[in-house]
2 protein chains.
Amino acid sequence: MKKRPTDTPIDTSTEEKIKSAARTIFTQKGYAATRTRDIAEEAGINLALLNYYFRSKEKLFDIIMLESMQDFIHSITGVFNDETTSLKEKIQNMVNHYLDMLTNQPNLPLFVLSELRDNPGDLISKLHLKENLVQSHFLKQIQQAIQEGRIPPIHPLHFIMNLMGMIVFPFVASPILKSIGELDQSAFLELMQQRKKYIPIWIEAMMKVK
Amino acid sequence: MKKRPTDTPIDTSTEEKIKSAARTIFTQKGYAATRTRDIAEEAGINLALLNYYFRSKEKLFDIIMLESMQDFIHSITGVFNDETTSLKEKIQNMVNHYLDMLTNQPNLPLFVLSELRDNPGDLISKLHLKENLVQSHFLKQIQQAIQEGRIPPIHPLHFIMNLMGMIVFPFVASPILKSIGELDQSAFLELMQQRKKYIPIWIEAMMKVK
DNA sequence: GTCTATATACGGATAGAC
DNA sequence: GTCTATCCGTATATAGAC
């Protein structure tokens, strides 16, 4: 089960070319707005070949979708379950990790969240969220800190929401943020880099509130 | 206290019935996945009538989309440009306002942000973001506070991103959050109500960081 | 204004040659 | 495995009766 970065398609097999193209188009436009013809063109192959390899648009989509979500979740579980790092270090690692990831794949969260809107039950269950997040070392550390009175006794999900919101939201809302801030792409990315430094500090300040 | 878009609207004209139905379906499923037949059925009218009033699916969508975005932006401009309130009060008002709005229309942000992904230029320009946000009293107060050294000298957009991220993100990611937190709908809404109290405090704590 | 019936286009999928 | 040509369901849009 080796993992290959999506930006370096070493595997030039037809199957992988199609998957790579599908990932690009699906992520940009979503399932319904994507035409299999566009995927075929992007992959530089014929439409019939797509069905030869993947049987149907929907089956191809399911594969891409599952992999995308695993990218999103899996990539962080290492950070979350590293028993050698403190809560503070985990937050810094998570911020760095996600901000780099989203810089490379800015469309990923909106894609995943949009497609999740309807079919919540089925797909989510395949991600093993329970083991990877609910029972993570990260969450245990939060709960312990609450018990010891080092952070206020609120639902840990608030911290997750704040952290993820501050990291992910700017990418999800980038068109409107660029517009109101009158930023071009590089200025936007510069702000995102700044956030690597700021977000951990902000989170820490929030956690000290009583 | 849930608002139901399908309730009989005050304006019972056919045109308004179609628009109301369109708002519901488009917001749930997005443009591409929506079928005009579904809108007609939801509106309790015939498919042909939809084209009689709005010429095409796309023209109908453009109207709904513009109104949705205006809902989202316009509703806040009153708060942002109230010259009688302090920065702190504006933040509290904004949090209350948006959390109530999103509780009633939880699908709105994902809809708007998804559909904005591709056509950024055109639609955004119609919202008068410049007058309503860029030149708002809210932003002026932030800039003044920075000059007076009361908050750190960072790009004001960081505060906007943090504030909006903390407010909006939980609704955008609600399926996954409910799953990892093992929350049902009412428990989720309970958390959202708690955030009315917490977010202003958190933001204030963040702003004091140097 | 509102309906039924239909034209037209588009997109997913397959047949069959190579 | 890969292509060209084509089928066929589905969805938008219109024609025309009432």
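Only this structure's heavy atoms are used, side chains among them; waters, hydrogens and symmetry mates stay out.
Among the protein residues, L50(B) comes within range of no part of the nucleic acid, since none of its heavy atoms lies under 4.0 Å from any strand. Y52(B) comes within 4.0 angstrom of a nucleotide base, judged by non-hydrogen atoms across all strands.
With rounding to whole Å, L47(B) atom CG is found 14 Å from dT8(C) atom C1'. One can place CD of E16(A) at 15 Å from P of dG1(D), the figure rounded to the nearest angstrom. Atom pair R35(B):CZ and dA13(D):P shows a separation of 14 Å (rounding to whole Å applied). Between E41(B) atom CD and dT2(C) atom P the separation is 18 Å, expressed in whole Å. Atoms OH (Y31(A)) and C1' (dG11(C)) sit 11 Å apart, rounded to a whole Å. Atom CG in L49(B) sits roughly 14 Å away from atom P in dT14(D) (whole-Å rounding). Atom CG of L60(A) and atom P of dG11(C) are 17 Å apart (whole Å). When rounded to the nearest whole Å, the span between CD of E58(B) and C1' of dA11(D) equals 15 Å.
Of all nucleotides listed (dA13(C), dG1(C), dG1(D)), dA13(C) comes nearest to the side chain of N51(A). Here the side chain of A48(B) is nearest to one of dG1(D), dG12(C), dT4(C), namely dT4(C).
Checked by atom type and distance alone, the side chain of K57(A) pairs as donor or acceptor with a backbone atom of Y31(A) at under 3.5 Å.
The pair E42(B)-K17(B) does not meet the salt-bridge criterion, since no charged nitrogen lies less than 4.0 angstrom from a carboxylate oxygen.
With sequence neighbours excluded, the residues that form a side-chain hydrogen bond (donor to acceptor under 3.5 Å, both in side chains) with K178(A) are Q185(A).
Counting only N and O atoms by type, the side chains of K196(A) and Q193(A) include a donor and acceptor under 3.5 Å apart.
Taking only side-chain nitrogens and oxygens, T14(A) comes nearer than 4.0 Å to OP1 or OP2 of dT2(D). A sub-4.0 Å separation between OP1 or OP2 of dA13(D) and a side-chain N or O of T36(B) is absent. Note on N46(A): every side-chain N or O is 4.0 Å or more away from OP1 and OP2 of dC3(D).
Counting distance only, with no hydrogens placed and no angle test, the side-chain atoms of R37(A) and the base atoms of dG12(C) include a donor-acceptor pair under 3.5 Å.
With rounding to the nearest 0.5 angstrom, the NE2 atom of H137(A) is 9.0 Å from the OG1 atom of T84(A).
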